[in-house]
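Note that the structure is predicted; figures quoted are calculated from it, not measured. Indexing begins at 1, ligand by ligand and atom by atom, following the structure's order. Basis for what follows: all heavy atoms, side chains included, without hydrogens, waters or symmetry-related copies.
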Amino acid sequence: MPKASDVKEIRLKDLDEQKFIERQVRAIRGKVGEGVAINALSGGVDSSVVTMLGHRALGDRLRTVFIENGIMREGEPRLVVQAFKKLGVEVELIDAKKEFFSALKGLTDPEEKREAITQTFYKRVFGRIVRESKAKYLLQGTNFTDVEETVAGIKRQHNILAQLGIDTRKEFGYLVIEPIIELRKTGVRRVGRALGLPKDIFDRPPFPGPALAARVIGEVTPERIATVRKATAILDEELAGAKAFQWLAILHEDRVTGLRSGKRDFGMQIEVRCWNSTDAVTATPTRLGFDRLTRLADRMTSEVPGVVSVTYNLAKKPPSTIEAV
Ligand code: XMP
């Protein structure tokens, strides 16, 4: 990643989406020439915009992979691949579920879980694919806020090649291309719309990189992910169209006594959070109506096996954070 002083932000008032797209397409073609490039698509707005720019520039000479890590939302890998197919872009789905779950086995500390996911993604899975592909050009969705946060020490240094385990002194010739580095999120969304991405991609609510693993307190296992995934799907259905910044379901580690079919059921607890915010720096809980909340509780306790308790969080950020892990 370049230094912040080397990158000039394009402010919204100065952003002409079509000109931006033309300039980036030309720049990507200029750098890659007749070569082959690769990128990883997560379905988030940044990697989606980069995928579209790259395919406009290179067509089939850009290989796009979607790494299925096993911790995404219900149907997500398939939906993303299908959305891009409709746009004429073939995305390769790589099943890496086993590698991610084995890296997460036994971990309960939030930072250790994040680190395991990052390392598995870059070093084990994507790093291997990049090396085997022989592509020397990597398209990466770094945006202007990432540059700032790296400089401020909030994010780790986004040196993607180092993260991939590629030693550029030994393995010479790799080039990272960062087409959206001058834009903040709102600008990226506008370019996404201009590129013809569907609204549910260019306008996607924020979702953390560690995906549903950020919503499981304690060990992340396939079974615990299945529980939080089902609760998330119910929440997404019930809150579709709600005016909120972000909502999430969290699976707690502690169990509580419940009663099912007349028998004691030492069951699981789901905590629901729904936030009003503009920038995720501060946030307040959305005033969801009681009818909606009880419907959520009814559905989660009847449709998600083993759940006996559903709570709604009322604390503000700060001191709370948006995610629980
Ligand atoms: P917090 O929990 O810090 O969240 O109040 C602020 C915003 O950042 C998202 N978030 C993450 N995004 N990796 C990400 O890519 C993470 O580890 C992570 N943790 C939080 C969160 O969803 C919210 O929008």
Side-chain angles (χ1 to χ4, degrees), residues 1 40-50 66-67 69-73 76 80 100 103-104 107-122 126 140-150 152-160 163 178 180-181 183-186 188-189 200-218 220 225 228-229 231-232 235-236 239 242-252 271-286 312-325:
M1 179 189 279
L41 169 69
S42 70
V45 61
D46 295 339
S47 67
S48 294
V49 166
V50 167
F66 183 103
I67 295 169
N69 55 15
I71 50 179
M72 298 196 179
R73 286 164 289 190
E76 200 161 14
V80 174
F100 280 88
L104 285 162
L107 302 184
T108 53
D109 178 78
E111 288 314 310
E112 283 180 15
K113 292 194 301 195
R114 282 194 164 86
E115 187 62 17
I117 293 165
T118 308
Q119 293 294 333
T120 307
F121 180 87
Y122 286 108
F126 193 43
Q140 173 75 2
T142 317
N143 65 35
F144 193 77
T145 315
D146 296 330
V147 180
E148 277 184 332
E149 290 184 341
T150 303
I154 299 167
K155 282 207 176 145
R156 75 174 73 215
Q157 177 59 37
H158 278 235
N159 181 347
I160 168 106
Q163 288 203 49
E178 297 172 305
I180 57 167
I181 200 160
L183 302 176
R184 288 181 195 274
K185 201 61 131 204
T186 315
V188 181
R189 292 192 197 282
D200 54 0
I201 291 187
F202 76 72
D203 224 7
R204 261 190 150 182
F207 188 67
L212 295 175
R215 285 138 191 213
V216 167
I217 299 180
V220 179
I225 287 289
V228 84
R229 178 181 287 133
T232 302
L235 192 59
D236 288 347
L239 296 192
K243 286 211 173 357
F245 176 77
Q246 194 173 0
W247 52 74
L248 48 139
I250 298 151
L251 173 62
H252 278 254
E271 174 188 333
V272 174
R273 297 183 179 191
C274 181
W275 296 104
N276 288 347
S277 178
T278 50
D279 52 9
V281 177
T282 60
T284 51
T286 307
Y312 186 56
N313 189 308
L314 297 175
K316 296 186 179 76
K317 174 179 179 177
S320 176
T321 50
I322 287 183
E323 304 288 343
V325 168

At what distance is the nearest protein heavy atom to atom 22 (O) of ligand 1, and which residue and atom is it?
Glu323 OE2, 2.5 Å
Is atom 20 (C) of ligand 1 close to the protein, meaning a heavy atom under 4.0 Å from it?
yes
If we only count heavy atoms from C-beta on, is the Val49 to Phe202 side-chain gap below 4.5 Å?
no
Is there a donor-acceptor pair under 3.5 Å between the side chain of Arg114 and the backbone N or O of Val325?
yes
Spell out, as yes or no, whether a donor-acceptor pair under 3.5 Å connects the side chain of Arg215 to the backbone of Ala324.
no
Distance below 4.0 Å between atom 8 (O) of ligand 1 and any protein heavy atom?
no
Quick one: which ligand 1 atoms are inside 4.0 Å of a heavy atom on Arg114?
16 (C), 17 (O), 18 (C), 19 (N)
Identity and distance of the protein heavy atom lying nearest atom 24 (O) of ligand 1
Gln246 OE1, 2.8 Å
Measure the shortest side-chain to side-chain distance between Arg73 and Leu212 over non-hydrogen atoms and say whether it is less than 4.5 angstrom.
yes
Under a 4.0 Å threshold between the charged nitrogen and the carboxylate oxygen, would Glu76 count as salt-bridged to Arg204?
yes
So, for Ile201 and Gly43, which heavy atoms are closest and what is the spacing to 0.1 Å?
CG2-O, 4.2 Å
Have a look at ligand 1 and work out which part of Pro206, if any, has a heavy atom under 4.0 Å from it: side chain, backbone, both or neither.
side chain
Contact between ligand 1 and Ala214 is defined here as a heavy atom of the residue under 4.0 Å from a ligand atom; is it met?
no
